[in-house]
Amino acid sequence: MTIQLVTSDAGVAGVVTGLQAADYIGVDCETTHLNPRQGRIRLLQLSTGPETYVLDLFNVSKPALGPLGEILAGDRPVKILHNAKFDAKMLRHHAGIGLGRLFDTYLASRILGAGDPERHHGLADVAFRYLNQQLDKSFQKTDWTGELTEGQLKYAAADAEILLPLRSRLVEEIKRERLIAASRVEFECVVPTAEMELTGIYFDAGRWESTVDDLEGARAILELDLTGELGLALGQLDLFGHPEINLNSPAQVVDAFHRLGIDVRSTRESELAPWAARSPVVARFLEFRGLQKLLSTYGRPLLERVDAETSRIFTDFHQIGTPTGRFSSSEPSVQQIPNLPEIRRCFCAPPGGKLVIADYSQIELRILADFSQDPRMLEAFHAGVDLHRSTASQMFRVPIEQVTRDQRSAAKQINFGLMYGMGAGALASRIDVPLPEAERLLATYFQVYQRVAEWLRSAADTALHTGHIRTKLGRVYRFRVDHQNREQVAMIQRLGKNAPIQGTSADILKRAMRLVHDALVGIDARIVNCVHDEIVVESSGADAERTAEVLRQGMVTAGQEIIETVPIEVEVKISEDWQK
DNA sequence: GGCACCGGCCAC
DNA sequence: AAACGTGGCCGGTGCC
């Protein structure tokens with residue numbers, strides 16, 4: 001292979017010529033920082049295999065990259081990258097370049113890894129696993145701002161060059177494991193995810209600050225009160241002779257409760273809740289803990305995440321964040337923001353804009369209906385009736401309009417719980433009935449939905465006996481089964497039921513992300529968040545209605561592509577802020 | 001001081 | 001006691 005170093009605008013034409021005939025090109029960036037807003041691209045490496053071009057972007061101007069941008073944005077040649085989200089963000093932010101058709105060796109490796117937590121997926125790990133080749137990553141964290149060394153250039157070129165043979169090997173594996181459809185959806189979701197991260201979520205810090213002040217005031221009063229009462233019970237005094245206790249220490253709090261005759265084993269809410277009715281101190285403690293959770297996790301930490309210039313929060317989305325295929329998000333996680341109006345309303349559109357919020361209606365139960373082909377469940381969804389009400393009506397043999405609130409609630413608990421592999425014991429405690437009653441309810445449920453019962457059984461069996469499950473798209477989750485370990489066997493049986501459903505839901509959301517992203521071209525709108533069955537788009541006020549229609553259409557289409565026998569419903573709302 | 005673990009709890 | 005799946009994050013605790 002040869003390396004061609006390009007250090008001026010004049011050199012770009014030669015690169016374009018060299019790349020045009022290629023079917024595949026390896027693409028990689030070296031940057032001065034991992035965060036696109038804090039660092040720049042130093043090197044852009046492009047490899048056809050025999051030829052590797054290394055462009056020094058400190059010395060090549062953005063306009064000169066135009067023709068190269070067209071190659072990168074197109075469908076051919078296919079771009080091969082390792083963790084393309086990173087390069088996509090850098091190229092979009094600093095060079096205004098979008099990525100077209102791509103193959104991501106990182107995501108491919110994760111898909112093939114099928115959730116194995118032992119496997120690592122850095123480029124060197126993947127190159128070693130699939131090509132048996134040692135890759136030197138010691139230059140990765142060197143200083144990319146100054147005069148570049150021969151070693152740095154060779155390292156940079158090698159990273160791009162290896163992507164071509166790596167793709168070939170990974171494609172063989174993907175075909176062998178029948179993971180083509182899942183890979184395609186993942187690859188096509190990279191650019192929407194990258195752009196969502198770059199956009200960030202607008203946040204009203206002023207509003208949140210005043211809410212935090214109020215909550216802190218309320219917490220301070222409770223803290224004073226509880227420290228007095230519980231600290232006194234403990235008999236602990238500080239230097240000034242005042243009662244002392246750490247309310248954040250479950251051990252100390254349990255101890256204090258014991259001394260007050262409150263016989264609890266832990267301080268978790270479900271344990272304390274029954275006492276709260278009789279004991280004001282327990283009630284106040286629970287109130288304190290609620291505020292403490294809110295403030296410690298979301299209060300100041302959220303404010304510190306707000307970018308001062310843009311008033312936006314930039315989070316990391318992990319496209320394959322879980323073995324089932326779901327996204328996860330971190331620093332901060334925007335998938336676990338409490339569903340409280342005073343918090344959610346701070347995630348809003350910038351002045352003059354709108355948030356368009358769309359979520360799938362009961363997508364996991366629809367997936368269960370599709371997998372099981374249960375005639376009664378299918379019929380309920382086709383008729384468009386309230387599924388939980390319909391379930392209750394059939395279980396309790398009452399007309400649908402006579403279903404009581406408790407009956408519907410019990411049916412709902414079962415509908416949801418069974419997808420997680422819930423047993424009679426868990427059901428009994430959730431709906432507060434004796435165990436035999438819960439067992440009877442489950443038996444009745446399975447008489448109504450016989451095919452659901454069969455599917456759940458066979459899903460658990462498949463997991464246990466084949467050691468893997470697949471989603472509708474064919475994504476695989478593999479587990480090691482130790483048949484001697486009873487707890488683990490039970491766990492795998494529950495996973496066998498849940499993972500295909502949860503994973504299929506993730507498949508659908510990712511497909512939707514791509515369809516929506518593409519359909520929003522030309523509309524003043526961009527995706528700002530996604531939460532498992534929900535996509536949030538920020539738009540201008542003028543384009544909100546169009547955005548809503550595009551969003552609904554994209555999500556429905558994605559759902560219909562992947563589950564064909566159950567209607568898909570998407571609820572869409574236009575709002576100033578992130579409220580349901 | 002950093003790391004791992006735990007109890008606890010937020011989202012879907 | 002734990003109890004139905006997937007994550008991330010907090011403060012406390014104990015270890016090196």
Side-chain angles (χ1 to χ4, degrees), chain A residues 115 117 245-254 264-273 285-286 288-302 305 315-340 343-344 347 359-365 367-368 412-432 435 438 442 456 459-460 463 469 471 477 479 487 490-506 508-509 529-536 578 580:
Chain A
I245 183 172
N246 185 343
L247 296 172
N248 291 319
S249 164
Q252 291 182 35
V253 173
V254 164
V264 288
R265 287 157 301 232
S266 78
T267 66
R268 84 170 77 95
E269 212 225 331
S270 60
E271 176 98 11
L272 293 182
F285 176 74
L286 284 176
F288 167 83
R289 251 254 288 277
L291 289 171
Q292 174 63 17
K293 167 73 181 174
L294 230 52
L295 285 165
S296 64
T297 308
Y298 306 102
R300 305 282 164 200
L302 219 45
R305 292 283 176 183
T315 110
D316 279 339
F317 287 99
H318 315 289
Q319 199 175 309
I320 304 182
T322 81
T324 57
R326 267 192 182 180
F327 268 99
S328 72
S329 138
S330 66
E331 297 181 89
S333 170
V334 289
Q335 301 195 136
Q336 49 182 35
I337 303 297
N339 214 333
L340 300 171
I343 296 187
R344 287 285 175 111
F347 292 81
D359 64 294
Y360 285 106
S361 162
Q362 298 184 333
I363 190 66
E364 295 199 335
L365 283 168
I367 293 165
L368 175 61
K412 185 177 173 180
Q413 296 285 352
I414 301 178
N415 274 328
F416 283 128
L418 287 178
M419 290 189 299
Y420 301 141
M422 178 183 68
L427 177 64
S429 65
R430 285 195 86 86
I431 60 173
D432 199 23
L435 184 64
L442 275 186
L456 288 170
I469 59 90
T471 66
Y477 184 174
F479 6 74
E487 248 174 70
M491 180 70 176
I492 287 167
Q493 288 175 315
R494 290 195 297 272
L495 274 172
K497 297 171 189 175
N498 179 256
I501 297 172
Q502 192 185 111
T504 299
S505 172
I508 292 171
L509 184 87
N529 198 4
C530 69
V531 194
H532 308 314
D533 65 351
E534 174 183 7
I535 297 178
V536 183
W578 190 20
K580 294 217 168 177

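Throughout, protein chains are lettered first and strands after them, A, B, ... in sequence-line order, and every chain is numbered starting at 1.
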Got a donor-acceptor pair under 3.5 Å from the side chain of [X] to the base of [N]?
| X | N | answer |
| --- | --- | --- |
| Arg326(A) | dC12(B) | yes |
| Lys293(A) | dC10(C) | no |
| Gln336(A) | dG7(C) | yes |

Is it true that a side-chain atom of [X] and a backbone atom of [Y] form a donor plus acceptor pair closer than 3.5 Å?
| X | Y | answer |
| --- | --- | --- |
| Thr297(A) | Leu294(A) | no |
| Arg344(A) | Ile337(A) | yes |
| Ser330(A) | Ser333(A) | no |
| Glu331(A) | Thr315(A) | no |
| Glu269(A) | Leu286(A) | no |
| Arg326(A) | Val531(A) | no |

For this session: Considering only atom P, compute the distance from dA2(C) to dC6(B) and round it to an integer number of Å.
Result: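 Nearest-Å result for dA2(C) against dC6(B) at atom P: 13 Å.
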For this session: In whole angstrom, give me the gap between the C1' atoms of dC5(B) and dA3(C).
Result: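 Approximately 22 Å lies between the C1' atom of dC5(B) and that of dA3(C).
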For this session: Starting from the 5' end of DNA chain C, give me the residue, Gln252(A) or His318(A), whose nearest nucleotide shows up first.
Result: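 Mapping each residue to its closest nucleotide by heavy atoms, the 5'-most match is His318(A).
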Gap between atoms [atom1] and [atom2], on [X] and [N] respectively (whole Å):
| X | N | atom1 | atom2 | value |
| --- | --- | --- | --- | --- |
| Glu331(A) | dG7(C) | CD | P | 17 Å |
| Glu534(A) | dT6(C) | CD | C1' | 17 Å |
| Gln335(A) | dT6(C) | CD | P | 15 Å |
| Tyr298(A) | dC10(C) | OH | C1' | 9 Å |
| Asn529(A) | dC12(B) | CG | C1' | 12 Å |
| Arg289(A) | dG12(C) | CZ | C1' | 12 Å |
| Gln493(A) | dG5(C) | CD | P | 12 Å |
| Phe416(A) | dC12(B) | CZ | P | 11 Å |

Nearest to the side chain of [X], which nucleotide is it out of [options]?
| X | options | value |
| --- | --- | --- |
| Ser328(A) | dC9(C), dC9(B), dG7(C) | dG7(C) |
| Pro250(A) | dG8(B), dG11(C), dC10(B) | dG8(B) |
| Ser270(A) | dC12(B), dA3(C), dC9(C) | dA3(C) |
| Thr324(A) | dT6(C), dC12(B), dG8(C) | dT6(C) |
| Asn246(A) | dG5(C), dG7(C), dG12(C) | dG12(C) |
| Gln292(A) | dG11(C), dG8(B), dG8(C) | dG11(C) |
| Thr322(A) | dC10(C), dC10(B), dT6(C) | dT6(C) |
| Tyr477(A) | dG5(C), dT6(C), dA11(B) | dT6(C) |

Problem set entry | Estimated bend of the helix from dG1(B)-dC16(C) to dC12(B)-dG5(C) (axis per five terminal pairs, rounded to 10 degrees) |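 Between the axes fitted at each end of the helix from dG1(B)-dC16(C) to dC12(B)-dG5(C) lies an angle of 0°.
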Problem set entry | Pair His532(A)-Ser505(A), side chain to side chain donor-acceptor pair (under 3.5 Å): steps then yes or no | CA-CA 7 Å; His532(A) 308 314; Ser505(A) 172; over 6 Å; no
Describe the nucleic acid contact of [X] in one word from base, sugar-phosphate, nothing, applying a heavy-atom distance below 4.0 Å.
| X | answer |
| --- | --- |
| Gly290(A) | nothing |
| Phe327(A) | nothing |
| Leu495(A) | sugar-phosphate |
| Ser429(A) | base |
| Ser505(A) | nothing |
| Glu364(A) | nothing |

Within the pair [X] and [N], is there a side-chain N or O less than 4.0 Å away from OP1 or OP2?
| X | N | result |
| --- | --- | --- |
| Arg494(A) | dG5(C) | yes |
| Ser249(A) | dG12(C) | no |
| Asn498(A) | dT6(C) | no |
| Arg265(A) | dA2(C) | no |
| Asn339(A) | dC12(B) | yes |

For this session: Please report the C-alpha distance between Thr267(A) and Arg289(A) in whole Å, then the side-chain angles of each, then the deciding distance to 0.1 Å, and finally whether the side chain to side chain donor-acceptor pair (under 3.5 Å) criterion is met.
Result: CA-CA 10 Å; Thr267(A) 66; Arg289(A) 251 254 288 277; 3.1 Å; yes
Exercise. Should Phe347(A) and Val536(A) be marked as a side-chain contact (heavy atoms from CB on, under 4.5 Å) after you check the CA-CA gap, both sets of side-chain angles, and the distance that decides it?
Worked result: CA-CA 11 Å; Phe347(A) 292 81; Val536(A) 183; over 6 Å; no
Exercise. Closest heavy-atom contact between Gly496(A) and Ile469(A)?
Worked result: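 Minimum heavy-atom separation between Gly496(A) and Ile469(A): CA-CG2, 3.9 Å.
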